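See structure below.
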Amino acid sequence: MRKTIFKKLEAQGLIANYNRLRKNLPPKLPERVFIWDETFREGIKAPTVYLTYVEQVKLAKLMDESGIAIINVGFPALSEEIKRAVSRIVNESFEHAKLTASAEPTKQSIDACLECGIKEITLESPINGLNIQYRYKLTKKQALQRIVESITYCKDHGANVNFMLMDGTRTTIEDILLVLQQAADAGAIRLGIADSVGFIRPLSMRYLMSHIRDGLSDTIKKKIPISIHCHNDFGLATANALAAMEEGASYIHTCIAGFGERAGIAPFEEVVTSTELLYNIDTGIDLGKIARISQSAEKAFALPIQFHKPIIGENIFAHEVEEDVEEMLAHPLVFEPFPPEIVGRETTVFIGRNTGQNLIQEMLEKAGIRASPRQMDELFRRIKGPHEGLDKGEAQMTYYQVKKLMKDLQKGYAMDEFWRLVEQVTRQKPKMFADKKVVP
């Protein structure tokens, strides 16, 4: 259906589809794209999120059933709780998805993955000056050596390695090529670039990825796939992920509903539907399961998905009647970009305050109902009543109560709250850290 719906409309002269023009198709597009899920790595960084093991397994099984290629099950070295969860989920059976876990290029972090039974480790490390100088206190030579030695250590202990260059979109092309070449030579089976703070724009992403592709050796280009990990700080994660795909990236990191740290990363549902419907590239995903997966994640995360969220939001396929209902339902693609059934949704039509009284009367007449002028007035009053009679103050009070309840779900402490708690427990005032106070 997805492969023919637009062709049929175009063949009938009903639409123009510029996405199909050969000159609009980038020559480096991969024949197949693989979805790499980061929900258990990135999604749980959202402040209000906590997943039980049962919830994790349920989501992982749904991902596996949907056709997701790789599932990152977490960062075992971060805590004993995460390590236990990773160890348990590794023992679950999955038909399609491969499991990976994240680690820094240190023996301790890698050992945490190995102890969980992980057979594919994703090593994450930056190489630009901002990170190695101020975060890790290393020289570039030391950082490179640490990466190479860590990949070798993983391989020696029977684990495959994905190397992910953190903050890659703020790293010089020369340094990117240097570290990717050394990671590949050391035995990494996939190489990745992360836009860790969502800083790049799509055209710049294409420029960067094309230069990376052209700069890598022929052996690497033929044998080692490139992955892309885009954060959404400027709202460009999906656009940047697709831009990287246009330059040959075949593994795209996503998170269900785009959940995650700060603004999250590229949303699973947006990347998949765009790749399948706008590029006609196979992702291996059963699109019909998208709605179910997003609903399960929303419930488990206890984070409501915005009504206007693309693909999975409540409002995306909902239409207020403003003209003949039969005409709307006969040709829903007049109002929708694609049939909602493709992603497990359905079109809903409702009568609201913008539906005209004459149209409502026509609908009644077609249904064989004769309403008196008084009855029509009453019917119209009831339709408009919930909106026009709504007290604005009451609506805002409800809004503030819901927002407060959502904030109360947050598990962590802001830094000032943390230090007040420390002072209450220890009865000691925190001292100064260098030139900065730890308490505002």
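Keep in mind that the numbers below use all heavy atoms, side chains included, and drop hydrogens, waters and symmetry copies. Since this is a predicted model, take the numbers as computed values, not measurements.
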Taking atom types as modelled, is there a side-chain donor on Thr347 or Glu336 under 3.5 Å from an acceptor on the other?
-> yes

Side chains of Ile228 and Met209: does their closest heavy-atom pair fall under 4.5 Å?
-> yes

Report the C-alpha distance between Glu42 and His229 in whole Å, list the side-chain angles of each, state the deciding distance to 0.1 Å, and finish with yes or no for side-chain hydrogen bond (donor to acceptor under 3.5 Å, both in side chains).
-> CA-CA 11 Å; Glu42 289 285 351; His229 181 108; 3.2 Å; yes

Asp111 and Thr106, any side-chain heavy atoms less than 4.5 Å apart | no

For Phe234 and Asp195, run side-chain contact (heavy atoms from CB on, under 4.5 Å): C-alpha distance rounded to whole Å, both residues' side-chain angles, the deciding distance at 0.1 Å, then the answer.
-> CA-CA 11 Å; Phe234 281 87; Asp195 184 22; over 6 Å; no

Test salt bridge (charged side-chain N to carboxylate O under 4.0 Å, His left out) applied to Asp218 and Lys222, step by step | CA-CA 6 Å; Asp218 290 339; Lys222 291 178 181 178; 5.7 Å; no

Do Asn19 and Tyr279 come within less than 4.5 Å of each other through their side chains, counting heavy atoms only?
-> no

Answer whether the closest heavy-atom distance between the side chains of Phe301 and Thr39 falls below 4.5 Å.
-> yes

Can you check whether Ile147 reaches Phe163 side chain to side chain, under 4.5 Å on heavy atoms?
-> yes

Decide side-chain contact (heavy atoms from CB on, under 4.5 Å) for Tyr50 and Ile44; before the verdict, give the C-alpha distance in whole Å, the side-chain angles of both, and the deciding distance to 0.1 Å.
-> CA-CA 6 Å; Tyr50 167 75; Ile44 61 172; over 6 Å; no

With a cut-off of 6.0 Å (strictly less than), are more than 12 heavy atoms of other residues, nucleotides or ligands near NZ of Lys140?
-> no

Distance-only polar pair, side chains of Glu314 and His308, donor-acceptor under 3.5 Å | no

Nearest heavy-atom approach of Asn162 to Thr100 is ND2-OG1, 3.7 Å

Polar contact flag, side-chain donor to acceptor under 3.5 angstrom, Glu247-Ser210 | no

Please say whether more than 12 non-hydrogen atoms of neighbouring residues, nucleotides or ligands are located less than 6.0 Å from CG in Leu203.
-> no

Take Cys230 and His253 through the side-chain contact (heavy atoms from CB on, under 4.5 Å) test and state the conclusion after the steps.
-> CA-CA 7 Å; Cys230 296; His253 292 208; over 6 Å; no

Under 3.5 Å, side chain of Asn128 to main-chain N/O of Asn131, donor-acceptor pair present?
-> yes

With rounding to the nearest 0.5 Å, note down the distance linking CD1 in Ile281 to CG in Leu277.
-> 12.0 Å

Considering all heavy atoms of both residues, which atom of Asn232 and which atom of Ala237 are nearest to each other, and what is their separation?
-> OD1-N, 2.9 Å

For this output row, return yes or no: ring centroids of Phe317 and Phe338 closer than 6.0 angstrom.
-> yes

Can Ser196 and Asp167 be counted as having a side-chain donor-acceptor contact under 3.5 angstrom?
-> no

Measure the spacing between CG of Leu177 and CZ of Arg213 and express it to the nearest 0.5 Å.
-> 12.0 Å

Between the side chains of Tyr136 and Glu104, is a donor N or O closer than 3.5 angstrom to an acceptor N or O?
-> yes

CD1 (Ile290) and CD (Glu269) are apart, to the nearest 0.5 Å, by 7.5 Å

Within-4.5 Å side-chain heavy-atom neighbours: Phe40 and Ile71 = yes

Can you establish whether the number of heavy atoms outside Arg292 located under 6.0 Å from its atom CZ is more than 12?
-> no

Just wondering, do Ile5 and Pro339 contact through their side chains at under 4.5 Å, heavy atoms?
-> yes

Any chance you could lay out the side-chain contact (heavy atoms from CB on, under 4.5 Å) test for Val90 and Ile118, step after step, and finish with the verdict?
-> CA-CA 7 Å; Val90 165; Ile118 288 291; 3.5 Å; yes

Does NZ or CZ of Arg20 lie under 6.0 Å from the centre of the six-membered ring of Phe6, at an angle within 45° of the ring axis?
-> no

Verify the neighbour count for atom CZ of Phe199: are there more than 12 heavy atoms of other residues, nucleotides or ligands below 6.0 Å?
-> no

Quick one: pull up CG in Leu242 and OG1 in Thr238 and give me the separation to the nearest 0.5 Å.
-> 6.5 Å

Donor-acceptor contact below 3.5 Å, side chain Ser109 vs main chain Pro105 = no

Can you find a pair of side-chain heavy atoms, one from Asp233 and one from Arg262, that are under 4.5 Å apart?
-> yes

Tell me yes or no: between the side chains of Gln181 and Asp185, is some donor less than 3.5 Å from an acceptor?
-> yes

Quick check: are there more than 12 heavy atoms from other residues, nucleotides or ligands sitting under 6.0 Å from NZ of Lys119?
-> no

side-chain hydrogen bond (donor to acceptor under 3.5 Å, both in side chains) between Asn72 and Ser102, worked out = CA-CA 7 Å; Asn72 188 331; Ser102 293; 2.8 Å; yes

May I ask you to establish whether Lys107 and Tyr153 are in a cation-pi arrangement, using a distance under 6.0 Å from NZ or CZ to the six-membered ring centre and at most 45° from the ring axis?
-> no

Enter the distance from Leu51:CG to Leu59:CG here, rounded to the nearest 0.5 Å.
-> 6.5 Å

Should Lys28 and Glu246 be marked as a salt bridge (charged side-chain N to carboxylate O under 4.0 Å, His left out) after you check the CA-CA gap, both sets of side-chain angles, and the distance that decides it?
-> CA-CA 6 Å; Lys28 300 300 180 180; Glu246 291 182 353; over 6 Å; no

Report yes or no: is the cationic atom of Arg190 (NZ for Lys, CZ for Arg) closer than 6.0 Å to the six-membered ring centre of Tyr251, at no more than 45° off its axis?
-> yes

Looking at NZ of Lys8 and CD1 of Ile15, how far apart are the two atoms once the value is rounded to the nearest 0.5 Å?
-> 13.0 Å

Minimum heavy-atom distance between Pro30 and Met245, given as atom pair plus value = CD-O, 3.2 Å

Salt bridge (charged side-chain N to carboxylate O under 4.0 Å, His left out) assessment of Lys289 paired with Glu65 | CA-CA 9 Å; Lys289 289 185 168 61; Glu65 292 171 11; 5.3 Å; no

Closest non-hydrogen contact found for Thr273 with Glu270 is OG1-O, 3.4 Å

Above 12 or not: heavy atoms from other molecules or residues under 6.0 Å from CZ of Phe350?
-> yes

For Ile68 against Ile70, the heavy-atom pair lying closest together | CG2-O, 3.3 Å

Does atom NZ of Lys61 have more than 12 heavy-atom neighbours from other groups under 6.0 Å away?
-> yes

For atom CZ of Arg32, decide whether the heavy atoms of other residues, nucleotides or ligands shown that lie under 6.0 angstrom number more than 12.
-> yes

